[in-house]
Amino acid sequence: MPVQRTLFGRPIGPIHPRKLAILLASVALFALFSLLFTLPSSIPAGPSLSKFTAGHIISLPKFPKAFSPNILTVFRPAAHAPPVQKNSTSGDVSWYSNWSWLTPFSSSVTLDENRSILPPLRQRPPIYTYYDRTVKRDQEMKNAEDTLLFTWRRAWWAQGFKPIILGPAEAVNSPFYAELQMKNLEIPLKNAIMRWLAWESMGNGILCETLVFPMGDQTDHLLAYLRRGEYPKLARFDKLGRGLFTGSKTDVMAAIKQALANPELKLAKDFISAVDAKTFYIDPEHGSLAYYSESVVKERYGKLAAEISQDGPNGLITLNKLINAHMHVTWQNMFPKGIAVLKPKPKHMNTLVEPAHKLAEFLAYCPESPLPASCPPNHQRCSPCVSTTPMVTTTPYTYRNTTGLYTIGTVPHPYTMAVFTQLRSNIDIPWIRRVSNRDEWLSTITKELLGNGVSGAPRISKFKEIVASPHGTSHTLWIPAEKDMATDLGWTFGFTIPRNATNGHSETPVPGPERRPIPVQDAMNGLAPSNPEEIEKEMALMTIAKEFGKARTESEEKVKNALEAWNLADTEAWRFVRAFMARQKMEREQWEEEEKAFLGG
Ligand SMILES: *[C@@H]1O[C@H](CO)[C@@H](O)[C@H](O)[C@H]1NC(C)=O
Ligand SMILES: *[C@@H]1O[C@H](CO)[C@@H](O)[C@H](O)[C@H]1NC(C)=O
Ligand SMILES: *[C@@H]1O[C@H](CO)[C@@H](O)[C@H](O)[C@H]1NC(C)=O
Ligand SMILES: *[C@@H]1O[C@H](CO)[C@@H](O)[C@H](O)[C@H]1NC(C)=O
Ligand SMILES: CC(=O)N[C@H]1CO[C@H](CO)[C@@H](O)[C@@H]1O
């Protein structure tokens, strides 16, 4: 008797071997197609989960299911890692600058878990000023002028430019130098033309007085235009006089030629009057440029003008303080909603976000100013910082893209995050697998922006955009939790961040409790009033987390790997921010190294 075959419990008739082969082939084909179309499109080349999960069933991180052409790339032989770029390593952090930086997981491109993709560095157009170090001055004056030059360089650097100080050495390189020497001009006029020769020898760009400062939002039209680095016309700005010129090398050459050919050159007061008025296009809009020219200081800051004429060096130092204070106030005015210090786990993160909180406090301080109620020359209706109503600092649990709100985020390594969620340092693998939530930090930070039901990949792309897009770099600051706060943040903001200034040396009359600013709290979090014991515990854990980042035992290494594998998106965010900050620092240090020779004292 033939064997009775069944399918889903029903008897079926005998199958011809030929039919059976066709059936099997169809099943195989079906299996292959299901495999092709359901594979995750971007499995990162990070640590594998399998070594921690043998024998346990866990869910893989969710990836977007949408079909994308690179699904098939998993069947290609492994590609080579992209070439290592110049100067792309700092300590244990390395990066690869490429336009594909919004790729959720860098390692899917760099094939190296430690190498993050960053956006290409924005080209910084040069901005030139002229300072003649060969002129005899006494030491005090030199120091005062150097202080001003420093403030000028820092302010323009923070706005995305490459400030360069030119001197007579550059002017000598100009083909017009010999001709100028033969003209026998008065010193002030000769110097005015020397600036132009120095500029001409450098090529396209911006020629700027040392007392012109950018004071405006990074997204301001004029600053954005200047940053583009292309200046089709030789231009100056209405009412700014010789404060700022833009132009291409050919236009600059033509203007110099014209000036030197002018038979009445000797009668001219400065370069502008030495050439035809039509030489310049006059731009009426310059709202984001503050020029502290002699006449402006005399007119608006009379007390200061008197001090400068009485005691030059000290007057300049005071002027420098005033400029710094105005830069700070301009920044504060850009963020009327205050500063948000992210605190994704309100309960136990006091110590973790403490440095960020401190920084926010410093930024909210009223800067030390010789004329506290004054406004910058380009923004006369600013709201001066009043110590009785300082900028508010909030501690929301999530990132919000609110106009007028500055955000400072602290990015912890998954280990740090685990330690602080649990308030204990002995993290074990069963806890990671069974209890801990995947990518808790990132999902909390992006909860309001992206909602709940979103996987890690789109979250991390969004996060990278928040951190590193042009809008992001001027509205947010992200710091790795385990590192000490950078000491050079002045270069990011463009002004000196007050460190220990007491907020409100003018807090008189002492306001009653009802008039004191109420610390605005986020409705959804409330500042956790940790008791002293808990704070002590948090501080001990912070030390442990920092140590953990430096050296680990073998079993700790396992925990670290397990945590990183479990929290792929959190780890990616942490690496991204570290690399981003490291590159920023390197860029500046390199430029300072290049410029050191020209900075004098
Ligand atoms: C980015 O990567 C692509 C593909 O790997 C490459 O062709 C391109 O040159 C890279 N761009 C930069 C700026 O490195
Ligand atoms: C990444 O860095 C860690 C620690 O610095 C190191 O142990 C690991 O081997 C590195 N991975 C690769 C692929 O280089
Ligand atoms: C935040 O908002 C600004 C404009 O309001 C927008 O340009 C920017 O792309 C937004 N950023 C993110 C990360 O959504
Ligand atoms: C700030 O600290 C420095 C040195 O630590 C000190 O000399 C200075 O007086 C302090 N300033 C204020 C306003 O406390
Ligand atoms: C900081 C740093 O590593 N700078 C290096 C960048 O690359 C140039 C040339 O490759 C080196 O000379 C610098 O030392």
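First listed ligand is number 1; within each ligand, the first listed atom is number 1.
Taking the six-membered ring for Trp and thresholds of 30 and 60 degrees, H413 and W574 have ring planes more than 60 degrees apart, a perpendicular arrangement. Using cut-offs of 30° and 60° for the angle between ring planes, the H328 and W331 rings count as perpendicular.
Taking atom 10 (C) of ligand 3 as the reference point, the nearest protein heavy-atom neighbour is N401 ND2, 2.3 Å. Among protein heavy atoms, atom 9 (O) of ligand 3 sits closest to E465 OE2, 4.0 Å. Protein heavy atom in closest approach to atom 5 (O) of ligand 1: Y96 OH, 4.1 Å. If you check which protein heavy atom lies closest to atom 12 (C) of ligand 1, you get N98 ND2, 3.3 Å. The protein non-hydrogen atom at the shortest distance from atom 4 (C) of ligand 3 is H471 NE2, 4.3 Å.
For P82, no heavy-atom contact with ligand 1 is shorter than 4.0 Å.
The contact set between ligand 1 and Q85, taken as ligand atoms under 4.0 Å from a residue heavy atom, comprises 14 (O). For ligand 3 and I466, the ligand atoms under 4.0 Å from any heavy atom of the residue are 13 (C).
At a threshold of 4.0 Å, the pair E592-K596 does not count as salt-bridged, since none of the basic side-chain nitrogens sits closer than that to a carboxylate oxygen.
Taking the side chain as every heavy atom from C-beta outward, L118 and N98 never approach each other to under 4.5 Å.
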*Stepwise, does the ring pair (Phe, Tyr, Trp, His ring centres under 6.0 Å) test hold for W441 with F463?*
CA-CA 11 Å; W441 185 82; F463 176 74; 5.5 Å; yes
*Using the salt bridge (charged side-chain N to carboxylate O under 4.0 Å, His left out) rule, take E448 and R400 through it: C-alpha gap first, then chi angles, then the decisive distance, then the call.*
CA-CA 7 Å; E448 230 169 70; R400 291 184 185 130; 2.6 Å; yes
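Polar contact check, K462 against ligand 3: a nitrogen or oxygen pair lies under 3.5 Å apart.
Distance remark: protein heavy atom present below 4.0 angstrom from atom 14 (O) of ligand 3.
Between S106 and the choices R575, E572, R115, the side chain to side chain donor-acceptor pair (under 3.5 Å) rule is met once, by E572.
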